[in-house]
Amino acid sequence: MKHLFAALCAALAGTAWAEPDPANWQDVLDEANGQTVYWNAWGGSTTINDFIEWVGTRVEEEHGVKLEHVKLTDTADAVSRVIAEKSAGQDNEGAIDLIWINGANFSAMKEADLLFGPFAEALPNWRFVDVDGKTVTTDFTVPTEGFESPWAMAQVVFIYDSEVLPEPPKSAEAIREWAAANPGRFTFPQPPDFLGTTFLKQMLIELVDDPTILQQPAGDDYAQVTAPLWDWLQDVTPDLWRAGRAYPQTGPSQLQLINDGEVDMAISFSPGEATTAIANQQLPESARTFVLEDGTLGNASFVAIPYNASAKAGAMVVADFLMSPEAQLRAQDPEVLGFSTVLDMAALSAEDRAGFDALELGVATLSPAELGQALPEPHPSWMTRIEADWAERYGVGN
């Protein structure tokens with residue numbers, strides 16, 4: 001009778017009373033057992049889809065949590081779904097339990113109180129995360145405050161065919177000159193694809209007089225600050241693949257263009273992607289990777305839990321597993337994903353550390369020293385405005 005009364009009180013009190021507490025991990029595990037977690041995540045890469053399927057197998061084996069991958073083309077679609085549910089008063093039993101998220105989408109959900117948490121820093125595997133050496137507590141300058149959990153590190157690299165392009169261009173100006181001399185041999189994914197927008201941000205960081213201004217929200221000086229980017233694009237666009245009248249829709253479709261001999265290089269946010277693509281016969285053996293002379297953007301990939309998720313406990317179990325040495329080692333394997341880890345090697349056991357030490361990064365993967373220090377992401381407001389401006393100026397059909 002006592003337990004029944006408590007359950008009735010919890011139901012009457014609403015979701016706030018019944019929220020799972022990540023600090024009581026055994027209770028979280030007990031509640032998660034039998035739950036189905038709907039993870040909304042980008043579905044444009046076969047290797048990532050396969051990794052998520054493997055994660056689902058492991059969390060079901062270990063914790064009885066079933067994972068369903070809801071494949072997205074744009075993370076904003078998941079954000080819009082949560083906003084719609086909020087507007088309809090659906091504060092419980094939401095359709096989305098976990099989102100692969102960062103940047104402007106995270107900022108918008110956090111500001112609108114659409115996220116469950118804080119939870120990340122209470123997860124058991126957080127103790128392995130490299131908080132001091134990696135950008136895992138801010139997301140595009142916005143403090144995460146425990147409302148999202150990191151699972152991969154990324155840094156911009158450029159993939160190229162070394163047999164066709166032995167000396168790739170390593171600056172914005174060099175790319176402009178090379179594109180003019182080799183029309184049709186370069187392109188980038190069409191914004192708002194995240195890689196396409198990332199390319200625009202990468203060029204802006206190099207072209208702007210003072211990159212530190214990009215760490216603040218875009219203000220009244222937006223037009224002045226971004227003018228060098230639009231000048232650069234005005235010169236380069238006519239020399240792009242198909243004269244800028246069409247763009248690949250995703251990162252993998254860029255790689256296909258290299259493999260088909262149509263273009264000579266592509267942007268990637270995964271330092272190990274070229275090696276993985278060679279192993280999967282998606283790129284020729286001569287594919288290699290380079291970074292720009294003045295550095296390239298870096299950030300973390302995160303997962304977050306909507307405020308009205310149906311399976312918050314199960315979502316936390318998935319988020320925790322993603323930070324486990326087992327999952328991080330698999331993600332860093334170039335034959336799987338080739339992602340960089342969020343973990344601090346010094347925090348791992350000798351056995352787990354040995355697994356990372358034994359990884360062969362592959363012939364097309366740059367070492368950490370070759371990658372250099374990653375450049376910080378601009379404030380999300382720059383990305384939002386640049387995407388809209390690019391669509392108006394250069395969107396296909398304009």
Side-chain angles (χ1 to χ4, degrees), residues 74 76 102-105 107-108 140-141 156-158 168-251 253-254 257 263-269 291-299 375-398:
D74 189 342
N102 64 6
N105 290 310
S107 178
F140 287 51
T141 77
V156 166
V157 296
F158 289 85
K170 296 186 177 181
S171 69
E173 182 56 34
I175 291 173
R176 172 162 40 190
E177 293 175 357
W178 174 79
N182 300 272
R185 304 301 298 176
F186 179 62
T187 188
F188 52 88
Q190 181 177 336
D193 177 86
F194 76 99
L195 273 175
T197 304
T198 294
F199 177 74
L200 300 181
K201 289 186 294 181
Q202 178 67 58
M203 294 299 99
L204 177 61
I205 287 172
E206 182 171 339
L207 293 165
V208 71
D209 290 336
D210 179 12
T212 61
I213 197 171
L214 302 176
Q215 297 298 295
Q216 304 300 320
D220 294 339
D221 59 351
Y222 168 82
Q224 178 184 349
V225 172
T226 58
L229 173 65
W230 307 121
D231 290 344
W232 187 90
L233 283 168
Q234 184 174 354
D235 288 345
V236 171
T237 299
D239 294 322
L240 294 177
W241 176 71
R242 296 191 178 177
R245 291 190 293 270
Y247 293 82
Q249 298 300 299
T250 65
S253 58
Q254 285 182 111
L257 290 176
V263 301
D264 298 327
M265 65 181 194
I267 187 173
S268 172
F269 227 142
V291 292
L292 302 183
E293 292 170 349
D294 292 333
T296 53
L297 279 170
N299 66 32
L375 302 178
E377 283 276 5
H379 187 274
S381 56
W382 293 97
M383 180 181 77
T384 303
R385 295 184 66 172
I386 288 170
E387 278 182 352
D389 273 6
W390 185 88
E392 183 176 345
R393 295 169 185 252
Y394 297 105
V396 174
N398 289 349

How long is the straight-line distance from [atom2] of [Y] back to [atom1] of [X], given to the nearest 0.5 Å?
X	Y	atom1	atom2	value
T226	L204	OG1	CG	7.0 Å
N105	T384	CG	OG1	8.5 Å
F194	M383	CZ	CE	11.0 Å
L195	F269	CG	CZ	7.5 Å
I213	I205	CD1	CD1	13.0 Å

So do [Y] and [X] actually touch side chain to side chain, heavy atoms under 4.5 Å?
X	Y	value
W230	D389	yes
V156	L292	no
H379	Q216	no
L207	D231	no
I175	M265	yes
W382	T197	no
P378	L297	yes
Q254	P189	yes

For D209, does the CG atom have more than 12 heavy-atom neighbours from other residues, nucleotides or ligands under 6.0 Å away? no
Show the nearest heavy-atom pair for residues [X] and [Y], with the distance to one decimal.
X	Y	result
P192	D74	CG-OD2, 4.1 Å
A218	S381	N-OG, 2.8 Å
P248	S253	CB-OG, 3.2 Å

Who passes side chain to side chain donor-acceptor pair (under 3.5 Å) against Q202, sequence neighbours left out? none
Tell me, please, which residues at least two apart from N299 pass side chain to side chain donor-acceptor pair (under 3.5 Å). E377
Return yes if some donor-acceptor pair links the side-chain N/O of S107 with the main-chain N/O of G103 below 3.5 Å, else return no. no
Just say parallel, tilted or perpendicular for the rings of W390 and Y247, cut-offs at 30° and 60°. perpendicular
Students often mix this up, so state it plainly: with edges at 30° and 60°, are the rings of F188 and F199 parallel, tilted or perpendicular? parallel
Compute whether any side-chain donor of one residue and acceptor of the other, for S171 and E293, lie under 3.5 angstrom apart. no
Before you tell me yes or no, could you show the steps for E206 and W232 under side chain to side chain contact (heavy atoms under 4.5 Å, CB included), namely the whole-Å CA-CA distance, both residues' side-chain angles and the distance that decides it to 0.1 Å? CA-CA 11 Å; E206 182 171 339; W232 187 90; over 6 Å; no
Might you work through the side chain to side chain contact (heavy atoms under 4.5 Å, CB included) test for L240 and F186, ending with a clear yes or no? CA-CA 5 Å; L240 294 177; F186 179 62; 3.8 Å; yes
Applying side-chain hydrogen bond (donor to acceptor under 3.5 Å, both in side chains) to T141 and Q215, what does each step give before you reach the verdict? CA-CA 7 Å; T141 77; Q215 297 298 295; 5.6 Å; no
According to salt bridge (charged side-chain N to carboxylate O under 4.0 Å, His left out), does anything in residues 174-183 pair up with another residue at least two apart or in another chain? List the pairs. E173-R176, R176-D235
